[in-house]
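The structure appears below as structure tokens.
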Amino acid sequence: MRPERLTAVVDIGANPVEGDPPYKTMLTYGLCTVIGFEPQPQALRALERNKSELETYLSYAVGDGTKGVLKVCQEPAMSSLLTPEPRVLNCFPGFDAWGRVVDEIPVETRTLDSISEITELDFLKIDVQGSELSVFRNGKAKLSRAVAIQTE
């Protein structure tokens, strides 16, 4: 079988802090394209340095289309448009330190449905520390074509 096109992967919150993404094998074998979103400047630079010709990374924060503030945490994987809740973080060893906000970056969010660079969406990987519902509510048209969604 030969597909008409490569599998279209969209990765929202593409910061590579926890190892290889779930689509890494497909990417290695040239079976997919990736459009990734990462508003943290340092993480975006790392993605850009290591990308293949099948990958595109954009600095957009995906959300509801309004202005927001990215709270960059001590542990970059915990950064979010939402403010970490200390009472919840204290329930898990180490999370109170990891979730400490060390920088705030004003961002304009873009809705998933408004992002013209996404022409196809087969697989969505999303890791946005609590903002998933905002992405889903504002991406219904694009998500209606998705075959699979992996959310943290």
Side-chain angles (χ1 to χ4, degrees), residues 1-85 88 98-99 101-152:
M1 288 181 21
R2 295 189 67 94
E4 293 179 15
R5 62 174 172 75
L6 298 178
T7 299
V9 174
V10 173
D11 188 344
I12 302 174
N15 191 347
V17 293
E18 296 177 354
D20 291 335
Y23 50 81
K24 178 66 174 178
T25 302
M26 289 181 65
L27 189 58
T28 299
Y29 286 102
L31 300 173
C32 69
T33 60
V34 176
I35 296 179
F37 299 90
E38 182 50 59
Q40 293 183 68
Q42 186 174 359
L44 182 62
R45 285 191 296 274
L47 289 164
E48 286 289 331
R49 262 193 319 273
N50 299 310
K51 73 178 185 174
S52 71
E53 67 279 356
L54 296 172
E55 297 167 86
T56 301
Y57 294 100
L58 303 167
S59 63
Y60 309 150
V62 182
D64 63 6
T66 63
K67 292 180 181 181
V69 176
L70 179 69
K71 283 77 170 183
V72 179
C73 293
Q74 178 71 36
E75 170 52 54
M78 294 183 73
S79 299
S80 176
L81 292 171
L82 302 175
T83 301
E85 174 54 59
V88 174
W98 295 340
V101 175
V102 295
D103 195 11
E104 293 188 355
I105 302 171
V107 293
E108 294 277 343
T109 68
R110 310 246 336 245
T111 67
L112 184 61
D113 280 342
S114 73
I115 298 172
S116 62
E117 291 90 346
I118 300 173
T119 57
E120 303 289 341
L121 191 165
D122 299 311
F123 174 64
L124 172 67
K125 180 242 162 208
I126 182 170
D127 183 0
V128 291
Q129 301 305 315
S131 297
E132 290 82 1
L133 188 56
S134 178
V135 174
F136 296 153
R137 283 185 172 152
N138 295 284
K140 292 176 184 175
K142 289 213 163 91
L143 289 172
S144 71
R145 301 188 313 254
V147 175
I149 297 171
Q150 177 181 326
T151 185
E152 181 180 86

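Formation of a donor-acceptor pair under 3.5 Å by the Lys71 side chain with backbone atoms of Leu81 is found in this model. Although no hydrogens or angles enter the test, the distance criterion places a donor-acceptor pair under 3.5 Å between the side chain of Glu38 and the main chain of Gln40. Looking at Lys142, its side chain does come within 3.5 Å of a backbone N or O of Asp113 through a donor-acceptor pair.
Smallest separation of non-hydrogen atoms from Leu47 and Ala14: CD2-O, 3.7 Å. Minimum interatomic distance between Pro84 and Cys73 (heavy atoms only, all atoms of both residues): CG-SG, 3.8 Å. Closest non-hydrogen pair, Asn138 versus Thr111, comes out as O-CB, 3.5 Å.
Looking at Leu54 and Cys32, their side chains never come closer than 4.5 Å, going by heavy atoms from C-beta outward. Residues Pro21 and Leu27 have side chains not in contact (no heavy-atom distance under 4.5 Å, counting atoms from C-beta outward). Using a 4.5 Å cut-off on side-chain heavy atoms (C-beta onward), Lys140 and Ser144 make no contact. In this structure the side chain of Val135 never reaches within 4.5 angstrom of the side chain of Phe37, judged on heavy atoms. Side-chain contact between Ile105 and Pro39: absent, with no pair of heavy atoms (C-beta onward) separated by less than 4.5 Å.
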Can you list the steps and then say if Leu112 with Ile12 is a side chain to side chain contact (heavy atoms under 4.5 Å, CB included)?
CA-CA 9 Å; Leu112 184 61; Ile12 302 174; 4.0 Å; yes

Report all side-chain donor-acceptor pairs from residues 119-132 shorter than 3.5 Å, counting only partners two or more places apart or in another chain.
residue : atom : partner : partner atom : Å
Glu120  : OE1  : Arg5    : NH2          : 3.4
Asp122  : OD1  : Arg5    : NH2          : 2.9
Asp122  : OD2  : Arg5    : NH1          : 2.6
Asp122  : OD2  : Arg5    : NH2          : 3.4
Asp122  : OD2  : Ala8    : N            : 2.7
Lys125  : NZ   : Asp11   : OD1          : 2.8
Lys125  : NZ   : Gly13   : O            : 3.0
Asp127  : OD1  : Gln129  : NE2          : 2.9
Gln129  : NE2  : Ala77   : O            : 3.0
Gln129  : NE2  : Glu152  : OE1          : 3.2
Glu132  : OE1  : Gly130  : N            : 3.1
Glu132  : OE2  : Val128  : N            : 3.4

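For Gln42, the CD atom is loosely surrounded, since the number of other residues' heavy atoms within 6.0 Å does not exceed 12. In this structure, Lys51 places its NZ atom where more than 12 heavy-atom neighbours from other residues, nucleotides or ligands lie under 6.0 Å away.
For the atom pair CD1 of Ile118 and CZ of Arg145, the computed distance is 9.0 Å after rounding to the nearest 0.5 Å.
Screening residues 52-63 for side chain to side chain donor-acceptor pair (under 3.5 Å), with sequence neighbours left out, gives Ser52-Glu55, Glu55-Tyr57, Tyr60-Arg110, Tyr60-Glu117.
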